[in-house]
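See below for the structure under consideration.
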Amino acid sequence: SQQGEEDPQALSIQEGENATMNCSYKTSINNLQWYRQNSGRGLVHLILIRSNEREKHSGRLRVTLDTSKKSSSLLITASRAADTASYFCATENSGGSNYKLTFGKGTLLTVNP
Amino acid sequence: GAGVSQTPSNKVTEKGKYVELRCDPISGHTALYWYRQSLGQGPEFLIYFQGTGAADDSGLPNDRFFAVRPEGSVSTLKIQRTERGDSAVYLCASSLSGLGVNTIYFGEGSWLTVV
């Protein structure tokens with residue numbers, strides 16, 4: 001079963017614009033991670049935010065986490081055509097199975113040159 | 001190797017046949033995971049190995065699916081009597097340890113098509 005739900009399902013923007021993707025989840029978590037996937041191939045880990053953190057930055061990426069609303073957002077600033085990919089949030093749920101990631105369905109981001 | 005390696009990258013098989021998918025994790029990673037991703041969906045957990053043992057196989061859909069990791073390194077996912085619904089990308093991943101906060105590294109996946 002899938003825990004995370006990304007929103008929107010698809011997003012199309014122009015190069016240079018910012019892209020914001022949201023993720024909602026249902027149960028308590030230890031951490032939340034964002035992954036990128038090109039053309040249905042391997043997943044690349046982007047960033048991890050722990051449940052006691054509210055915001056994290058990595059280069060052009062900014063992730064926020066609101067555990068009271070069970071939601072997270074991924075902001076990509078100054079987007080490039082090479083950022084075109086699917087983006088997934090994945091939660092590591094608290095309560096024992098802390099090795100298991102539960103993924104959402106993903107947001108397909110298209111950055112037009 | 002530098003990353004998680006999966007073979008074959010693509011496999012087309014006939015319904016009812018047996019299939020093996022191989023995963024070579026990052027050297028030194030004790031934790032290994034198999035996920036399955038259907039078209040338009042996110043990956044779904046299948047099984048987790050810590051060393052040689054399957055610590056959690058709760059995600060395997062039925063008894064046609066089995067995975068081994070006999071020496072604590074390479075793992076093989078085995079699917080018997082394949083069905084068309086088994087068509088998906090099978091993703092393998094590894095991490096340094098399954099405990100605590102570890103970055104999980106994914107392979108490129110094995111595309112399985114059952115015709």
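Sequence lines set the chain letters: A, B, ... in the order given, protein chains first and strands last, and positions in each chain run from 1.
Listed for the B:Tyr35 side chain is a donor-acceptor partner under 3.5 Å among the backbone atoms of A:Leu101.
Atom CZ of A:Arg80 sits in a sparse spot, with 12 or fewer heavy atoms from other residues, nucleotides or ligands closer than 6.0 Å. More than 12 heavy atoms of other residues, nucleotides or ligands sit less than 6.0 Å from atom CZ of B:Phe106. Residue-environment remark: NZ (B:Lys11) stays at or below the threshold of 12 foreign heavy atoms within 6.0 Å. Residue A:Gln14 places its CD atom among more than 12 non-hydrogen atoms of other residues, nucleotides or ligands, all under 6.0 Å distant. Dense packing is recorded around CD of A:Glu53, with more than 12 heavy atoms of other residues, nucleotides or ligands lying under 6.0 Å away. At most 12 heavy atoms of other shown residues, nucleotides or ligands fall within 6.0 angstrom of atom CZ in B:Phe66.
Atom CD1 of B:Ile47 sits about 11.0 Å away from atom NZ of A:Lys100, to the nearest 0.5 Å. To the nearest 0.5 angstrom, B:Gln37 atom CD is 6.0 Å from A:Leu43 atom CG. Atom CD of A:Glu92 is separated from atom CD1 of B:Ile104 by 7.0 Å, given to the nearest 0.5 angstrom.
Interface remark: B:Ser58 contributes side-chain atoms only to the contact with chain A (heavy atom separation under 4.5 Å).
Between B:Phe45 and A:Phe103, the ring centre distance reaches or exceeds 6.0 Å.
A 4.5 Å side-chain heavy-atom check between B:Gln41 and A:Phe88 finds every atom pair outside the cut-off.
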